[in-house]
Amino acid sequence: MIAEALAAQKEGWRYTPVAALTGPDFKPAGVPARLEPLGGRVLCPVGFHRAALVNGRWEAKHAVLKLPDGVTVEPLGEASGLAELLSRPAPADMPLAQAASAARDGFVVRVARHSRADRPIHLVHISEASPVAESSQARVLVVLEPGATAEIVEETLSFGDAPSWKNVRAQVVLGEGAFLRHHRIVREGAQGRLTLGLEVTLASRARYESHALNFGGLFAREDLRVRIEGEGAECALNGLALLGGSEFADHHSVVEHAAVGGTTRQLYKAVIDDKARFVFDGLITVKPGAQKTDAQVYNKNLLLSEDARVNTNPEFKILADDVSCKHGGAVGQMSLEALFYLQSRGIGADEARRLLVYAFGSEMVDRVALEPLKLALADALHGRMPEEHL
Amino acid sequence: MLKITNLHAKVGEKAILKGLSLSVKAGEVHAIMGPNGSGKSTLSYILAGRPGYTVTEGTAEYEGKDLLAMEPEIRAREGVFLAFQYPVEIPGVSNKYFLKAAYNAMRKHRGEPEMDAGAFLKFVKEKAKSVEMDPAFLNRSVNEGFSGGEKKRNEVLQLAVLEPKLALLDETDSGLDIDALKVVAGGVNKMRDPKRAFVVVTHYQRLLDYIVPDFVHVLSGGRIIKSGGKELALELEKKGYGWIEDKVAA
């Protein structure tokens, strides 16, 4: 069914090699024979609140949740009072999110009015090793009531040599003046596929700050829909993809300004090595009446090999007249001037290259305010630097 | 220390150096002056190993070794330093990290243990003081958003940290006002040492009021056409380059 839906998609999918999803004969993932510990496999430090989906199922043994009053993190099946949000259809052009709507399990995070999650909430999506190709689906619901604050770190992982595919539909609802920092870290295995449909709505003066970091995986496609519904809401979308081998990452976002005085700052960066490929399609629409909108969308890419490819398309559709909108896409190679400058100070050519790639990517890691996560990400960034063969 | 013999070089198909010879001993300061397009910067870049130049004839020996056969980073580790005319901005790499990486690469090359971050920070702050640089610049990205003067000062800081045996200064005076020039020249003069040689490439005599050379060479048409003492620089300042070029042509 999903394969048919994908085949019917044209616009927005023309650069996407859907064979990675339609090729393997995916079976629904079952419960693994034995529970593997998370320690050593996840990036986030212990000390965060934690919940995990293993092969798309809530795993109570992985949960570490001592939540303060007003904050709940529950499996989808146990959450009540969400009928309206759960039954809201996914956008017509997001067939995978539509399919994931039927998922039986997932995360539900709620923060009550003016409450604050005392520590970051770490949500782990993990696909365990299996002898055959397996897929799983999940839903994620995050509801912050007016004035509520939370930090969430979602991490997706997969293991084993057989193809795996996680298809996730996520909905984030931010009430008036609510503030969410949403980190999404992809650390999939060499056969890991991830598709994510994420819908975010912002009420007046709500703030949504997102950091999407792709540190590995065969195939990752994210479709973002952000809707600024209330006055003076702020949206920051940061992204970094480090791709090598034959990895593919595909970012599609639509940010819709439907209210006065909204702000969007979007910057996605990608480092693309070997035969890897990156697609960036970032659209910001400004609806009639959404005056004083201040929006920027940028995509910057660093190509490290002749076979690496990128398609970039930052764009605007503006139907209001009193707005400030800027966009730009850049594709570049390693600066030979900078390389020579470093070498002329005694820094070896290989180290100089790694230093320059690190410098390009570290801007996005530096934007992460959560200190322990920033340190872990800096280490992960080091671990993804190109090899000496360059 | 440095012996250049009959050096010919081109960029693409264009011949820039056409038989340049120069000999520099430890402790000496040589100034190379010449009009625009005479090959001054090409000479600096070739000695530092910048890609894009083809040496078609001649040799450059550094401490008895074939300098031109070495990779740029090996030249640097062996003690050759080029202060750039246009220092490169490297966003995302902090100045102090850059200096530490360079410094430790030297030490490693000499078989010495690397210096740890704490000890290096103390060391580099002292050096920054010596070139009158605000230590805040150590935390900024390499040259990013620096003014012309700050970039040149940063070059001199690198010179002070790396303590090369042979320092090539490429148009270090360009873009500097007189106060910045004095600071930069002061930093260089503190580095003068019987074991260290300088080659100062400049278009104008002005810099040589502050960094007084032992020898002055006039580069024109890819060759050194006249050499003399520091008084030659003053003569050039008064008469321009034309008179020597005319004389040579005649």
Side-chain angles (χ1 to χ4, degrees), chain A residues 213 238-242 267-271 298-302 304 328 330 332-368 374-375 377-382 384-386 388-390, chain B residues 44-53 70-95 97-110 114 139 141-144 151 154-155 157-159 161-164 166-168 170:
Chain A
L213 298 132
N238 304 291
L240 173 65
L242 297 178
L267 173 60
Y268 266 63
K269 282 188 164 188
V271 178
Y298 290 102
N299 169 230
K300 296 179 183 172
N301 304 286
L302 179 60
L304 296 181
Q333 288 167 326
M334 187 83 76
S335 159
L336 294 178
E337 285 294 321
L339 206 53
F340 173 61
Y341 191 66
L342 294 172
Q343 281 180 274
S344 79
R345 298 302 180 246
I347 298 168
D350 287 329
E351 198 194 336
R353 284 191 185 92
R354 280 195 294 274
L355 191 58
L356 292 175
V357 173
Y358 186 85
F360 180 84
S362 64
E363 179 187 0
M364 304 319 292
V365 171
D366 288 343
R367 291 181 176 208
V368 173
K374 185 194 291 195
L375 294 176
L377 289 170
D379 280 347
L381 182 59
H382 263 295
R384 289 281 291 177
M385 284 303 105
E388 304 214 355
H389 70 260
L390 264 169
Chain B
S44 312
Y45 280 142
I46 286 176
L47 294 177
R50 190 185 196 224
Y53 299 90
M70 298 179 201
E71 293 296 324
E73 60 267 36
I74 303 299
R75 300 181 199 199
R77 292 173 200 167
E78 290 280 337
V80 179
F81 179 91
L82 169 64
F84 282 56
Q85 182 179 2
Y86 303 109
V88 181
E89 297 193 8
I90 308 183
V93 178
S94 80
N95 219 7
Y97 183 88
F98 163 63
L99 286 163
K100 181 162 130 320
Y103 184 71
N104 278 332
M106 302 288 159
R107 289 181 66 107
K108 211 171 154 191
H109 187 70
R110 292 196 297 250
E114 295 189 9
N139 291 321
S141 288
V142 178
N143 293 324
E144 192 186 26
K151 283 181 181 169
N154 204 26
E155 292 295 287
L157 172 62
Q158 292 167 43
L159 177 73
V161 167
L162 300 176
E163 300 185 322
L166 173 64
L168 313 164
D170 186 7

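Numbers restart at 1 for each chain; the letters A, B, ... are given by sequence-line order, proteins then strands. Since this is a predicted model, take the numbers as computed values, not measurements.
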Checking heavy atoms, do the side chain of A:L356, its backbone, both or neither come under 4.5 Å from chain B?
side chain
Of all heavy-atom pairs between A:A359 and B:P91, which one has the smallest distance, and what is that distance?
CB-O, 3.4 Å
Member of B:V142, B:V161, B:L162 meeting the side-chain contact (heavy atoms from CB on, under 4.5 Å) criterion with A:R345
B:L162
Over all atoms of both residues, closest heavy-atom pair of A:F340 and B:P51
CD1-CD, 4.0 Å
Centres of the A:Y358 and B:Y97 rings: under 6.0 Å?
no
Anything under 3.5 Å between a donor and an acceptor, one on a side chain of residues 99-106 of chain B, the other on a protein residue two or more places apart or in another chain? List them.
residue, atom, partner, partner atom, Å
B:Y103, OH, B:R107, NH1, 3.2
B:N104, OD1, B:M115, N, 2.7
B:N104, ND2, B:M115, O, 3.1

Contact origin within B:R75 toward chain A - heavy atom pairs under 4.5 Å
neither
Under 4.5 Å from a heavy atom of chain B, the part of A:A349 involved:
both
Given heavy-atom pairs under 4.5 angstrom as the criterion, report whether the side chain, backbone, both or neither of A:S362 touches chain B.
side chain
With the side chain counted from C-beta on, respond yes when B:R50 and A:E337 share a heavy-atom pair under 4.5 Å apart, and no when they do not.
yes
Report, one line per pair, each donor and acceptor closer than 3.5 Å where one atom sits in a side chain of residues 80-89 of chain B; sequence neighbours left out.
residue, atom, partner, partner atom, Å
B:Q85, OE1, B:S41, OG, 3.4
B:E89, OE2, B:K151, NZ, 3.1

Nearest heavy-atom neighbours spanning A:G346 and B:A76
N-CB, 3.3 Å
Is there a donor-acceptor pair closer than 3.5 Å between any side-chain N or O of A:E363 and the backbone N or O of B:G92?
no
